[in-house]
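Following: one structure in structure tokens, then a few remarks.
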Amino acid sequence: MHIRQIVETMPLFKEASPASKTKLITYGIVEKVYKGTYLFNVRDHVERIYMIVSGYVVLDRINHNDNLRSIFLLGSGDLINEVIIDGQSSSINAKALSDLEVVSLTRTQMLEIMAQDFYFTQLFMASMAKKIRKLYRQVANTTKMMILEDQVSAKLWKIGHDYGIAKEEGIVIPFDLSITLLAQLVGSNRESVSRTIKKLSNAHLVSIIHGRCIIYDLDALIKK
């Protein structure tokens with residue numbers, strides 16, 4: 001998709017001023033990223049700020065036990081790395097969960113637009129606030145004893161609610177959601193999460209086969 005078409009049709013830019021849209025069209029670069037590719041890694045000095053046009057991204061990082069922990073899932077309309085507005089190196093990895101299309105601008109270009117259009121300042125603040133609130137919930141969940149089945153069910157409900165596509169067979173997750181990725185998202189090991197998914201599958205609530213996840217009863221997951 002051409003940058004002009006993206007700026008004129010994407011809901012993310014709907015409330016931008018005409019001057020900002022002109023600069024987005026002038027400065028913006030449209031990039032296609034293949035599934036499984038990392039846009040950037042921890043400690044990279046990233047000069048460009050990425051916004052998702054289509055596709056899905058996971059933000060992850062190795063923890064102190066050398067285990068990969070997936071922290072955020074992002075989709076269309078989300079800012080990936082607004083935090084680099086501070087000019088520091090990246091503190092997280094960004095991996096494409098599907099084929100991806102993004103718009104990117106340099107940090108300097110984005111600051112120029114933000115200085116002239118408060119909408120983009122609000123956009124950045126809202127994106128950061130959303131991530132901070134998610135971190136608050138993650139911290140709360142890791143500081144109390146939660147049954148793994150409840151953690152997995154809640155995470156599946158959230159993913160299904162935010163990204164799922166309703167089809168005749170159930171709520172289909174539109175990217176590969178492997179047992180390994182789910183384990184990274186809840187901060188557990190693959191074997192334990194696999195046993196939990198088998199239990200949920202036997203209850204005909206969800207199935208994950210070769211990364212294809214179908215949720216058969218979304219409401220039942222949150223009631224667990």
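Atom CE of M128 is surrounded by more than 12 heavy atoms from other residues, nucleotides or ligands within 6.0 Å. Around atom CD1 of I165, more than 12 heavy atoms belonging to other residues, nucleotides or ligands sit under 6.0 Å away.
Sequence neighbours left out, not one pair with a member in residues 39-61 passes salt bridge (Lys or Arg N to Asp or Glu O under 4.0 Å). Contacts classified as side-chain hydrogen bond (donor to acceptor under 3.5 Å, both in side chains) and involving residues 5-15 (residues at least two apart or in different chains) are not found. Identified under the salt bridge (Lys or Arg N to Asp or Glu O under 4.0 Å) test for residues 204-217, with sequence neighbours left out: E169-R212.
The shortest heavy-atom contact between S20 and D117 is OG-OD2, 2.7 Å. Annotation for L24 and I3: closest pair O-CG1, 3.8 Å, computed over non-hydrogen atoms.
Looking at heavy atoms from C-beta onward, L200 lies in side-chain contact with S153 at the 4.5 angstrom threshold. In this structure, L12 and L123 have side chains that are in contact, with non-hydrogen atoms separated by less than 4.5 Å. The closest side-chain heavy-atom distance from P174 to Y56 is below 4.5 Å.
Taken to the nearest 0.5 Å, the CG atom of N67 stands 7.5 Å off from the CD1 atom of I62.
Every residue two or more places apart in sequence or in another chain that forms a side chain to side chain contact (heavy atoms under 4.5 Å, CB included) with S90 is listed here: F40, V46, I92. When the salt bridge (charged side-chain N to carboxylate O under 4.0 Å, His left out) test is applied to R190, no partner is found at least two apart in sequence or on another chain. Evaluation of the salt bridge (charged side-chain N to carboxylate O under 4.0 Å, His left out) rule for E112 yields K23 as partners, not counting sequence neighbours.
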